[in-house]
Amino acid sequence: MPSELARHFVLDPEVVFLNHGSYGACPRVVLEKQSELRVRMEREPVLFLAREQEKLLDGARGVLGELVGADPDDLAFVKNASTGVSTVVRSLDLRPGDELLTTSHAYNACHNALRAQERRGVKVVAAEVPFPIRSSSEVVEAVLARASPRTRLALIDHVTSPTGLIFPVAEIVRALEARGIDSIVDGAHVPGMLPLDLRALSPAYYTGNCHKWVCTPKGCAFLFVRRDRQEAILPLTISHGYNAARTDRSRFRLLFDVTGTDDPTAVLCLGDSIRFLESLLPGGFPALMRRNRALALEARALLCKTLGIEEPAPESMIGSLATIPLPDGPAEPLQRALWEKRRIEVPVWSFPSVPRRILRVSAQAYNSIDDYAALAGALPSML
Ligand SMILES: Cc1ncc(COP(=O)(O)O)c(C=O)c1O
């Protein structure tokens with residue numbers, strides 16, 4: 001039986017959709033709200049973009065501050081987490097011989113934001129984190145073992161993309177800070193999957209997406225920059241804020257709020273997305289996060305049993321994503337066959353490298369255990 005909550009989404013009912021993690025999925029009511037906002041914008045573009053937008057963005061930033069536990073003055077809206085990471089890396093005054101640290105589980109596009117600095121003579125260091133993994137302390141040990149006096153910044157995933165693991169970021173951020181190393185935490189999957197309190201975590205930088213687990217339209221993401229680091233951080237696109245004479249708003253806000261003409265409607269739907277998710281279960285958003293996590297764990301248990309393997313990570317490292325090691329082989333043909341022959345949308349990747357393979361499932365409101373049973377039924381004959 002499909003999830004009773006699937007009717008709220010416009011997802012194709014013919015597809016077993018197990019990849020919320022890549023791009024999220026936006027509910028119907030939120031898409032309708034976005035369409036209304038777009039009509040309002042196009043009815044009088046100057047009124048909307050030049051006179052009303054600033055106040056509307058301030059409202060959305062207040063909502064975001066509540067969601068992620070931050071002072072809205074420390075938050076900038078960006079299009080996506082990739083932009084958040086690039087914004088920070090490209091703002092730093094890096095010199096030849098400087099090191100940028102990350103892990104072997106980093107998202108490739110964000111890892112590339114570091115690699116692009118190799119042109120300046122910067123060295124990128126990737127700490128090897130095992131998978132399967134026995135304990136989150138293995139992550140802390142791996143990262144600290146590769147930190148050096150030359151490390152200028154560490155890019156640490158809060159929830160990893162290929163392996164769907166919750167990394168112990170609080171411990172890592174503190175330990176690196178004690179060595180004088182700033183972190184940018186890649187929390188692309190965190191808003192809506194895990195509770196977040198940026199005041200308590202207090203990293204130098206944190207970026208997160210709302211278009212994944214908060215189900216906003218695409219293009220709603222944020223960059224948190226701690227107050228003592230804001231002066232050095234410039235948006236990738238410089239616009240009017242750079243020489244604005246206004247003193248009623250921080251320079252950080254003036255720089256990031258206007259980066260050229262753009263469609264802000266995804267951001268302006270943030271409150272609607274949160275209200276929608278809160279309305280789904282009697283316990284609100286926390287209940288939905290618990291439900292999704294329980295479903296991801298149930299799915300993982302089913303798939304591991306089907307494949308006759310041990311669960312590859314402790315439960316404490318699992319949120320709404322679960323990654324399962326597969327027998328060695330080519331990844332892309334399996335992913336394509338699952339979609340073409342069974343209409344199952346699920347990512348299969350070579351990880352950590354060819355020929356090793358993993359498969360990642362997501363659990364969101366529209367999923368039910370039957371979706372994973374369909375995958376478990378299909379896998380043995382297709383492997
Ligand atoms: C860990 C992680 N970081 C960053 C991203 C990039 O997100 P976006 O494409 O929205 O920039 C993803 C996307 O899946 C991700 O999983």
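In listed order, ligands and their atoms are each counted from 1.
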Name the atoms and distances for all side-chain donor-acceptor pairs under 3.5 Å in residues 308-319, with sequence neighbours left out.
residue: Glu311; atom: OE1; partner: Arg300; partner atom: NH2; Å: 3.2

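Using a 4.5 Å cut-off on side-chain heavy atoms (C-beta onward), Leu321 and Arg293 make no contact.
Here Asp98 pairs with Arg152 in a salt bridge; the nearest charged N to carboxylate O distance falls below 4.0 Å. Ionic pairing of Asp228 and Arg226 is present here: one or more N-O contacts between side-chain nitrogen and carboxylate oxygen are shorter than 4.0 angstrom.
Contacts of Arg227 classified as salt bridge (Lys or Arg N to Asp or Glu O under 4.0 Å), with partners at least two apart in sequence or in another chain: Asp71, Asp74. Remark: Pro195 engages Met289 in a side-chain contact (heavy atoms from CB on, under 4.5 Å) (not counting sequence neighbours).
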Atom pairs, nitrogen or oxygen, ligand 1 to protein, under 3.5 angstrom:
residue: ligand 1; atom: 3 (N); partner: Asp186; partner atom: OD1; Å: 3.1
residue: ligand 1; atom: 3 (N); partner: Asp186; partner atom: OD2; Å: 2.6
residue: ligand 1; atom: 7 (O); partner: Asn209; partner atom: ND2; Å: 3.2
residue: ligand 1; atom: 10 (O); partner: Asn209; partner atom: ND2; Å: 3.0
residue: ligand 1; atom: 10 (O); partner: His211; partner atom: NE2; Å: 2.9
residue: ligand 1; atom: 11 (O); partner: Ala81; partner atom: N; Å: 3.3
residue: ligand 1; atom: 11 (O); partner: Ser82; partner atom: N; Å: 2.9
residue: ligand 1; atom: 11 (O); partner: Ser82; partner atom: OG; Å: 2.6
residue: ligand 1; atom: 14 (O); partner: Lys212; partner atom: NZ; Å: 2.6
residue: ligand 1; atom: 16 (O); partner: Ser161; partner atom: OG; Å: 3.4
residue: ligand 1; atom: 16 (O); partner: His189; partner atom: NE2; Å: 2.7

